[in-house]
Amino acid sequence: MKHEIKTLLTQAVSSLKTRGELPADIETNIQITRTRDASHGDFACNLAMMLAKPVGKNPREVAQLLIDALPSHGHIDRVDIAGPGFINFYVSQASALSVINDVLTQGDTYGLSNIGAGRKVQLEFVSANPTGPLHVGHGRGAAYGATVADLLEAVGFNVHREYYVNDAGRQMDILGTSVWLRYLQLCDIDVPFPSNAYQGDYVNDIASTLLAQHDKNLVHPLTAVMDNIPADEPQGGDKEQHIDALIQRCKTLLGDDSYLQVFDLGLNTILDDIRQDLKEFGVVYDEWFSERSLARNGLIKQAIERLQKANYVYEKEGALWFKSTDFGDEKDRVVVRDNGQHTYFASDIAYHMDKMERGFDRVIDVWGADHHGYVPRVKAALKALGDDADKLDVLLVQFAVLYRNGEKVQMSTRSGSFVTLRELREEVGTDAARFFYVMRKCEQHMDFDLDLAKSKSSENPIYYIQYAHARICSVFRQLAEKNIQHDIGSGNNKLEKLTESHETELMVSITKYPEIVEAAALNEEPHLLAHFLRDLANELHTYYNAHQFIVDDENIRNARLNLISATRQVLCNGLKLLGVSAPESM
RNA sequence: GCCCCGAUAGCUCAGCUGGAUAGAGCGUCCCCCUCCUAAGGGGAAGGCCAGAGGUUCGAAUCCUCUUCGGGGCGCCA
């Protein structure tokens, strides 16, 4: 309807232009909005006020010109000028009622559209280092990314969901070494555990598996392990030097093959856990992209060579630097260190180069807000490579700060004292977690009150929405118990019986649903849908309280049943898009 | 020091990208089940939209500055 009105106005403007009543070169930006107040009709347009000044007439005069030039339309009863020059459109009742049948016939597909026209979008999200279980901070990125992906798919984009696995680098070496040290402890070697190693229990579990697989074949005496290792921080040394020396010692004593086995056991165990965790959270991927594969396939080398060829790389103090300042970054960045190792940034350049080569129309990265400083250099690299950096959008998700008993929960992966996503799901349930995470705009800091989310009381908006859905299902169960048939066809013929204000409001909301899905998808703002569903549930509950559905008059009964059945369908479709279940009873 | 995000009811947040009288939930107070789930509904109170300028027919929304929060700025990953 919105689009139809816009078309009508566009026609009006062009006919006024050809008749010379509007200057031919004037620019129009036609915005149709839904009115907040029913007394202003159903839709409003501010075009007349925007044209008033350039045309040199008062807004109400312009509005009258536009209305006179407006082609007639079967579904519009009346067009008024109101206030300072708004043009208000009144939609016919028949048109308003028709939405109910639309929903009932379209079912699961109501709200879907094809605005994306099959364009390929790649969405990379979570991509947490596989050095430990996902924590609640990752949960927000997971819920947000998955929902944006589903929304984009709902409006017709071809979405490719991807997880970038950081299976290379120092953090992973620390993990491998942590596993080995725990393994030594299991083998009664009294080796001190570094303060900078991964402290979590899961490291012990992996070490147990290692012991089961290799018996004591990977054991080395304490003296060999600790010989000449610089002191750890608690002993007055440097924790970084301490762990790095241990990593080297681990590699030397085990040899390449055995080291890789320990490393891969840690990596795969944790990755499997992450995969399972996300799956249970309703988050699935099309691809798990390995960072190590970049080097293996020569992509990093290729990326750096391309940058060199384009003359954006120079050598300084033994390292290779990328001239990102040529593209607006604050300082140049190292891509290959003086020890010959490429930096993480070099991997990222290669990864993004590869994304571009895979032919996506659009590439979206969902990152934690702490990585915001990283955006300019990645975009700079893409520009330097000659790619279209505008194809890349980085969505920054702010941290979720947890509160327990009114106090901030401190989180640290290293110390092992964090709340995992799995714990959160077990405490509050997947539905509530998914919903809570996307209830806020992603750039909004979020206070996640664990106690509140845990409490299974009416305070939880997700229960409120699910309850509305279950309530409707319950009505139909009652109907069946009373042996009354719901005649959809007859209800559809008697929709004009739906004259109560509650009913009209419900219909308007249902009509809005496709617009909400569209806006939520195109703006990457799932919270719009979350809020819409809350409002829709509220209208349903209000209606439920004010009127009986199972009444003696079968015309009214069937019409009302059609309306609540359509409402149920919209609630169900919306919840599904948010990754939340729609229970039939509660 | 530089950069990003935020500031709206007592609390947690919306506000459709500049529109008509700024909205929800929670909390507080009052009311509603002989009736399809009271896990619900209705009503009341509660606001200098952080502050000051600017842009225009019109600003919570856009721009600048100030104040106050949160986060980030490595040859770490």
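The chains referred to below are lettered A, B, ... by the order of the sequence lines, with proteins before strands, and numbering in each begins at 1. Just so you know, these numbers come straight off a predicted model, no measurement behind them.
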Listed nucleotide nearest any side-chain atom of A/R440, set B/G41, B/A14, B/G72
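That would be B/A14.
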Without decimals, in angstroms, what is the distance between [X] [atom1] and [N] [atom2]?
| X | N | atom1 | atom2 | result |
| --- | --- | --- | --- | --- |
| A/L536 | B/A24 | CG | C1' | 15 Å |
| A/H547 | B/C36 | NE2 | C1' | 14 Å |
| A/Q398 | B/G70 | CD | P | 13 Å |

Specify the closest pair of heavy atoms between A/V136 and A/Y437, including all atoms of both residues, with the distance to one decimal.
O-OH, 2.7 Å
Centroid under 5.5 Å and tilt under 30°, A/F86 to B/A20
yes
Identify whether a stacking contact exists between A/H40 and B/A20, where the ring centres must be under 5.5 Å apart and the planes under 30° apart.
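Yes, the aromatic ring of A/H40 stacks with the base.
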With a distance cut-off below 6.0 Å to the six-membered ring centre and an angular limit of 45° from the axis, does A/R78 pair with A/Y90 as a cation-pi contact?
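Judged by the rule, A/R78 and A/Y90 form a cation-pi pair.
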Run the salt-bridge test on A/D553 and A/R557 with the 4.0 Å N-O cut-off and return the result as yes or no.
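A salt bridge is absent here (no side-chain N lies under 4.0 Å from a carboxylate O).
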Enumerate all atom pairs, one protein N or O and one N or O from nucleotides 74-77 of chain B, separated by less than 3.5 Å.
| from | atom 1 | to | atom 2 | distance (Å) |
| --- | --- | --- | --- | --- |
| B/C75 | OP2 | A/K331 | NZ | 3.3 |
| B/C75 | O2 | A/D338 | N | 3.3 |
| B/C75 | O2 | A/D338 | OD1 | 3.4 |
| B/C75 | N4 | A/E317 | O | 3.2 |
| B/C75 | N4 | A/E317 | OE1 | 3.4 |
| B/A77 | OP1 | A/R337 | NH2 | 2.6 |
| B/A77 | OP2 | A/R337 | NH2 | 3.3 |
| B/A77 | O3' | A/A168 | O | 3.3 |
| B/A77 | O2' | A/N129 | ND2 | 2.8 |

Pairs under 3.5 Å (N/O, protein and nucleotides 57-59 of chain B):
| from | atom 1 | to | atom 2 | distance (Å) |
| --- | --- | --- | --- | --- |
| B/C57 | OP1 | A/K53 | NZ | 3.4 |
| B/C57 | OP2 | A/K53 | NZ | 2.8 |

When rounded to the nearest Å, what value does the distance between C1' atoms of B/G1 and B/A14 take?
36 Å
Looking only at atom C1', what distance separates B/U21 and B/G58, rounded to whole Å?
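Looking at atom C1' only, B/U21 and B/G58 are 15 Å apart.
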What does the list of N/O pairs under 3.5 Å between the protein and nucleotides 29-34 of chain B look like, with a distance for each?
none

